[in-house]
Amino acid sequence: MNARIPMGRPILTACLLGALLSGCVKFGPKPPGTLLTVESQARVAPGTVAEGSDGTVTIIEPDVPKALNTVRVAVRTSGNNYAYVPDAMWVDTPRNLFRALLAETVAAKGGMLVLDPGQFSADPGRRLMGELIAFGIDAEGKQAVVTFDAALMGKSGRITKRRFSASVPVRNIDQDSVAPAIGKAANMVANEVADWLKAGDAGV
């Protein structure tokens with residue numbers, strides 16, 4: 001009696017291999033043509049030297065709600081309902097984008113030594129943390145909204161809290177319009193935070 005060789009598995013494997021080679025099988029959604037970002041409008045000049053004696057502040061990535069824990073651009077449609085802008089993605093998560101923008105703004109405007117949690121070895125100075133509550137689009141108001149609940153811990157351990165928020169009108173809720181509006185609102189918030197830190201009454 002001759003043994004029969006099952007043919008189904010080799011044929012299936014060959015078909016899958018052929019499909020992969022021909023590009024017929026795709027994994028995940030098609031990436032957008034461009035990635036979006038926001039940048040600080042205040043820049044540290046080349047050659048600028050900042051020392052701890054000028055005042056040191058460590059800026060920690062803010063906490064975010066789950067709706068912002070993504071590279072997609074959040075749109076608050078109503079109440080607690082969120083959607084996302086089609087074909088629009090950030091180059092990084094909002095918490096990292098905002099921290100980088102805030103750090104550059106504070107360093108440029110405040111004349112302080114700005115560190116991130118991975119850079120200090122001994123004295124972190126004051127520590128700025130908090131929660132990025134909004135970093136996206138309010139569909140009902142048709143505006144970009146950035147809201148940051150700042151919590152500053154001074155060297156003495158005293159914690160001072162303050163909410164900063166800004167909104168900017170947005171004409172269209174699409175991939176071309178959202179980033180400039182959100183970036184402008186983020187810069188308005190960052191400038192207010194930098195002024196708060198520079199004033200010296202935001203924790204000791």
ask   = Going through the distances and angles, do Asp149 and Arg163 end up as a salt bridge (charged side-chain N to carboxylate O under 4.0 Å, His left out)?
value = CA-CA 4 Å; Asp149 272 358; Arg163 171 168 290 190; 2.6 Å; yes

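- Residue pairs meeting the salt bridge (Lys or Arg N to Asp or Glu O under 4.0 Å) criterion with at least one member in residues 179-194: none, sequence neighbours excluded.
- Between the side chain of Lys161 and the main chain of Ala150, no donor-acceptor pair closer than 3.5 Å is present.
- Minimum heavy-atom separation, Val170 to Ala181: CB-CB, 4.1 Å.
- The structure places CG of Asp116 at 9.5 Å from CD1 of Ile59, a figure rounded to the nearest 0.5 Å.
- Side-chain atoms of Asn187 come within 3.5 Å of backbone atoms of Glu39 as a donor-acceptor pair (strictly under, hydrogens ignored).
- A 4.5 Å side-chain heavy-atom check between Val146 and Ser165 finds every atom pair outside the cut-off.
- When hydrophobic clusters are built by joining Ile, Leu, Val, Met, Phe, Trp and Tyr residues whose side-chain heavy atoms come closer than 4.5 Å, directly or via intermediates, Val73 is not grouped with Val145.
- When atom types are taken as modelled, the side chain of Lys142 and the backbone of Arg171 share a donor-acceptor pair closer than 3.5 angstrom.
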query = Stepwise, does the side chain to side chain contact (heavy atoms under 4.5 Å, CB included) test hold for Thr70 with Trp90?
reply = CA-CA 9 Å; Thr70 176; Trp90 297 115; over 6 Å; no

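- Through chains of ILVMFWY side-chain contacts below 4.5 Å, Val168 is grouped with Met188.
- With values rounded to the nearest 0.5 angstrom, Asp92 atom CG is found 10.5 Å from Leu35 atom CG.
- Remark: Asp176 engages Asp174 in a side-chain contact (heavy atoms from CB on, under 4.5 Å) (not counting sequence neighbours).
- The distance from atom CD of Glu61 to atom CG of Leu132, rounded to the nearest 0.5 Å, is 12.0 Å.
- Summarising the geometry of Thr56 relative to Pro124, their closest heavy-atom pair is CG2-O, 3.6 Å, with the distance given to 0.1 Å.
- Closest of all the heavy-atom pairs between Met112 and Val106 is CE-CG1, 3.6 Å.
- The side-chain heavy atoms of Glu131 and Pro65, taken from C-beta on, include a pair separated by under 4.5 Å.
- Counting all heavy atoms, side chain and backbone alike, Leu101 lies closest to Ala190 at CD2-CB, 3.5 Å.
- At least one side-chain heavy atom of Leu102 sits less than 4.5 Å from a side-chain heavy atom of Val193.
- The shortest non-hydrogen separation linking Ala185 to Ala166 is O-CB, 3.7 Å.
- Annotation: the span from Arg158 atom CZ to Arg126 atom CZ amounts to 11.0 Å, rounded to 0.5 Å.
- With a 4.5 Å cut-off on side-chain heavy atoms, Phe135 and Ile182 count as touching.
- No single ILVMFWY cluster, assembled from side-chain heavy atoms under 4.5 Å apart, contains both Ile133 and Val64.
- Paired with Val71 under the rule side-chain contact (heavy atoms from CB on, under 4.5 Å), one option of Thr93, Leu97, Val91 passes, and it is Thr93.
- Here the straight-line distance linking atom CZ of Phe98 with atom CG of Leu68 works out to 11.5 Å at 0.5 Å rounding.
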request  = Quick one: do Leu152 and Ile159 satisfy side chain to side chain contact (heavy atoms under 4.5 Å, CB included)? Show the steps, please.
outcome  = CA-CA 5 Å; Leu152 185 70; Ile159 297 178; over 6 Å; no

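- Counting heavy atoms from C-beta outward, Val178 and Leu36 have side chains that approach closer than 4.5 Å.
- Put simply, the side chain of Lys198 does not reach to within 4.5 Å of the side chain of Lys109, judged on heavy atoms.
- Between Thr34 and Gln175 the shortest heavy-atom distance is OG1-OE1, 4.3 Å.
- The number of heavy-atom neighbours closer than 6.0 Å to CG of Asn172, taken from other residues, nucleotides and ligands shown, is above 12.
- Between the CD atom of Gln143 and the OG atom of Ser167 there is a distance of 4.0 Å, given to the nearest 0.5 Å.
- Contact check for Thr160 versus Trp196: side-chain heavy atoms found under the 4.5 Å cut-off.
- Taking the six-membered ring for Trp and thresholds of 30 and 60 degrees, Phe148 and Phe164 have nearly parallel ring planes, at less than 30 degrees apart.
- Using a 4.5 Å heavy-atom threshold, the side chains of Pro62 and Arg95 count as touching.
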